[in-house]
Amino acid sequence: MELNEVERERVRKLATLRAAGIDPYPPRTEFAAERRMAADAAQAALAHAQTPEAPPTTAAIMGRIVGKRVMGKAAFVHVEDGSGRIQLFARVGEDSLTKDSFDILKDLDLGDFVEARGELMLTKTGEPSLKINDWRLLSKAISQLPFAKEEKQPDGSVVRYSAMSDPETRYRQRYADLAVNPEVREIFRTRARIIKAMREFLDDHDFLEVETPILQPVYGGAAARPFVTHHNQLDQDLYLRIAFELYLKRVVAGGIERVYEIGRDFRNEGVSFKHNPEFTMLEFYAAYMDMYSVMDLIEAMIQHIARRALPPEANGASVFRGHTIHWLRPFRRWKLRDAILEKTGVDYALFPDAASLGAEAVARRLLPTDAVKDKPWGKIIDSLIGDYVEKDLVDPTFLYEYPRDISPFAKSRPDDPNTVERFEGFIGGAELCNAFSELNDPLDQEQRFLDESANADGDEANPIDEDFLRAMRLGMPPMGGLGMGIDRLTMMFTGKDTIREVILFPHLRREE
RNA sequence: GGGCCCAUAGCUCAGUGGCAGAGCGGGAGACUUUUAAUCUCUGCGUCGCAGGUUCGAUCCCUGCUGGGCCCA
């Protein structure tokens with residue numbers, strides 16, 4: 001490893017510290033029993049300042065040095081921990097540090113971890129601070145973290161200088177991004193709150209959380225290319241799952257009436273601002289529910305999450321792609337046929353086959369010829385949704401009743417065999433979730449698999465999962481089911497436009 | 001997959017066909033209530049990689065790599 005000038009200087013400091021008998025990487029803290037979080041200590045300092053006659057409040061702080069100002073025989077050091085930051089004040093003198101201790105302190109660098117203890121106080125300018133009388137180095141940083149400089153403006157706003165901002169570096173060195181950009185840490189706290197609230201809601205509605213295979217001998221449940229791997233001893237190819245659907249339904253067939261899984265799907269497809277090769281999904285299935293009761297449930301679940309995950313001052317709203325999303329308002333329910341009629345003027349029920357619908361869409365200049373050529377009926381409708389409907393669905397909206405031929409796991413409507421009981425949820429002009437009254441007729445299911453294989457354009461044809469059909473033939477209750485992308489949901493709640501902002505370590509091409 | 005754009009110091013960025021720049025950060029010094037501390041002095045680099053044009057290329061051209069944005 002080639003060290004730059006700063007790093008060589010820090011390595012020299014390590015030697016100096018060791019020569020003075022200081023371990024730059026001690027195995028444990030010493031002040032843990034007195035530890036207070038920075039934000040809490042700052043509050044305590046302010047409170048104590050109201051009652052100057054009271055005895056001094058002591059505390060210990062541990063965290064990372066994020067700012068340092070040394071002036072001769074006094075020094076101010078900002079230390080940040082998981083709660084926030086507080087200023088350490090040190091000077092040479094009986095009420096603070098010895099000259100030797102102070103001299104070592106003033107040579108610390110941004111990024112170093114320390115523990116310090118002393119009395120809480122306010123400085124002359126009123127900043128809550130810890131006047132320290134003892135401190136220890138907990139970990140020395142060798143490389144520079146790109147800390148931003150912040151300047152408070154007279155109007156109270158904060159201007160940041162030289163923040164780490166190159167997206168590639170931020171994603172590749174997320175540890176540095178997290179260290180210097182507190183708002184990035186907040187994204188992942190929000191993400192965790194979303195998932196926690198989701199579990200709470202489902203657990204409270206009698207769902208059982210289960211785990212199903214990630215390595216699958218046959219993949220299915222979605223239209224996507226899989227990653228392939230190989231089990232050496234079995235000498236068998238296995239696929240990383242592209243969906244949980246077929247295994248979760250097996251569980252419901254076995255008599256566990258409500259199940260859900262939160263976990264990772266893998267799709268061997270393009271990497272972009274909205275796709276990562278591995279992403280997090282929620283799927284749930286509930287016996288004796290249908291599409292309509294799933295709509296009610298998912299609306300309640302999303303609103304529960306909004307109440308738990310959004311900050312109180314947000315009033316149940318977030319800003320996504322320039323739109324304000326009001327999560328707590330009732331969700332709109334719009335029949336797909338009506339939505340497409342309104343947005344394109346085409347009533348697709350009048351064009352019940354791919355040839356006539358495709359011709360109409362091209363004649364009206366709605367779609368280019370190659371978007372229609374050799375495409376199934378439902379695929380053409382799907383293109384119309386993508387081009388003319390989706391972007392306008394800002395407030396939470398359920399589009400329902402979808403074409404059968406792009407919905408191989410949804411139950412047909414009794415009055416219209418070309419249409420299935422399926423809905424998709426859209427928020428902020430983007431798709432969020434997908435749900436059906438699940439198909440439980442094994443002969444129909446088998447035929448759908450066969451149709452899908454026949455229609456598939458090339459490599460999107462999934463293998464037929466005979467074991468899944470066997471489970472269905474043994475009897476499967478009617479059920480409602482749902483899939484929802486958690487990365488996407490997190491983007492909507494945190495207002496981030498790219499999936500890379502809500503995944504800690506997004507996939508990038510390898511370096512070099 | 002197609003189009004456009006970007007790549008220069010640890011960070012943020014300027015720049016020019018002819019000695020490679022600023023601020024921050026780093027080093028030395030001064031400073032016992034600062035907060036982008038201040039003041040004095042002082043370094044810093046494979047100008048993404050490989051070719052080409054040229055007396056001379058970080059700059060112009062081609063290709064490649066990585067990234068961003070838009071489209072499919």
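The distance from atom CD1 of I381(A) to atom CZ of F351(A), rounded to the nearest 0.5 Å, is 11.5 Å. Between the CG atom in D338(A) and the CH2 atom in W334(A) there is a gap of 8.0 Å [rounded to 0.5 Å]. In this structure, CE on M121(A) lies 12.0 Å from CG on L46(A), to the nearest 0.5 angstrom.
Spacing between atom CZ of F147(A) and atom P of A37(B) amounts to 13 Å, rounded to whole angstrom units. Atom NZ of K274(A) and atom C1' of C70(B) are 12 Å apart (whole Å). As rounded to whole Å, 9 Å separates atom C1' of G27(B) from atom CZ of R12(A). Rounded to an integer number of Å, the gap from L110(A) CG to C24(B) P is 14 Å. In this structure, E7(A) atom CD and G25(B) atom P are separated by 18 Å, rounded to whole Å. Here the P atom of nucleotide G29(B) and the CG atom of D103(A) are 11 Å apart, to the nearest Å. Atom CG of L367(A) is separated from atom P of A72(B) by 11 Å (rounded to the nearest Å). Rounded to whole Å, the distance from CG on D177(A) to P on U12(B) is 11 Å.
Contact between the side-chain N/O atoms of R69(A) and the OP1/OP2 oxygens of A37(B) is found at a separation under 4.0 Å. Distances shown here put every side-chain N or O of K68(A) at or beyond 4.0 Å from the OP1 or OP2 atom of A37(B).
For the P atom pair drawn from C59(B) and U54(B), the interatomic distance equals 16 Å after rounding to whole Å. When the C1' atom is used for both A20(B) and A9(B), the distance is 10 Å, rounded to whole Å. Between U12(B) and C55(B), the two P atoms lie 39 Å apart (nearest whole Å). Annotation: U58(B) and A50(B) have their P atoms spaced 11 Å apart (nearest Å). The gap from the C1' atom of U65(B) to that of U46(B) amounts to 16 Å, rounded to the nearest Å. Using atom P as the reference point in both U33(B) and C19(B), the two lie 48 Å apart (nearest Å). With P as the reference atom, G27(B) and G43(B) are 16 Å apart, rounded to whole Å. Separating the P atom of C4(B) from that of C47(B) is a span of 27 Å, rounded to the nearest Å.
The ring of F31(A) has its center no closer than 6.0 angstrom to the ring center of W135(A).
Across all strands shown, U53(B) remains unpaired; no Watson-Crick or G-U wobble contact has both distances below 3.5 Å. In this entry U32(B) has no Watson-Crick or G-U wobble partner, no candidate having both defining distances under 3.5 Å. When Watson-Crick and G-U wobble pairs are counted only if both distances are under 3.5 Å, A14(B) pairs with no nucleotide at all.
T498(A) comes within 4.0 angstrom of sugar-phosphate atoms only, judged by non-hydrogen atoms across all strands, and of no base. Counting any heavy atom pair closer than 4.0 Å across all strands shown, Q144(A) reaches a base atom. The residue K99(A) sits apart from the nucleic acid: no heavy atom pair falls under 4.0 Å.
Checking K68(A), R69(A), R91(A) one by one against F76(A), the side chain to side chain contact (heavy atoms under 4.5 Å, CB included) holds for a single residue, R69(A). The only member of L393(A), D387(A), D392(A) that meets side chain to side chain contact (heavy atoms under 4.5 Å, CB included) when paired with V389(A) is L393(A).
Comparing atom distances between the K73(A) side chain and each of U12(B), C11(B), U32(B) picks out U32(B) as nearest. Proximity note for F89(A) (side chain, C-beta onward) versus U33(B), U12(B), C11(B): the nearest is U33(B). Here the nucleotide nearest the side chain of A74(A), chosen from U32(B), G10(B), A37(B), is U32(B). Taking every side-chain heavy atom of R91(A) into account, U32(B) is the closest of A37(B), U32(B), U12(B). Side-chain proximity of R500(A) to G26(B), G68(B), U33(B): nearest is G68(B). Nearest nucleotide to the T123(A) side chain, out of C11(B), U34(B), G67(B): U34(B). Of the candidate nucleotides U34(B), G27(B), G66(B), U34(B) has the atom lying nearest to any side-chain atom of E127(A).
In this structure C11(B) sits in the anti conformation; its chi angle is more than 90° from 0. With a glycosidic angle no more than 90° from 0, G43(B) adopts the syn conformation.
With hydrogens and angles ignored, a donor-acceptor pair closer than 3.5 Å exists between the side chain of Q87(A) and the base of U34(B).
Nearest-nucleotide assignment on RNA chain B puts the 5′-proximal partner with E9(A), out of E9(A) and P167(A). Projected onto RNA chain B by closest heavy-atom contact, G72(A) and H78(A) fall at different nucleotides, the more 5' of which corresponds to G72(A).
Ring pair W327(A)/F493(A) is parallel by interplanar angle, where below 30° counts as parallel and above 60° as perpendicular. In this pair, F423(A) and F398(A) present their aromatic rings perpendicular. The plane angle is above 60°, beyond the 30 to 60° band.
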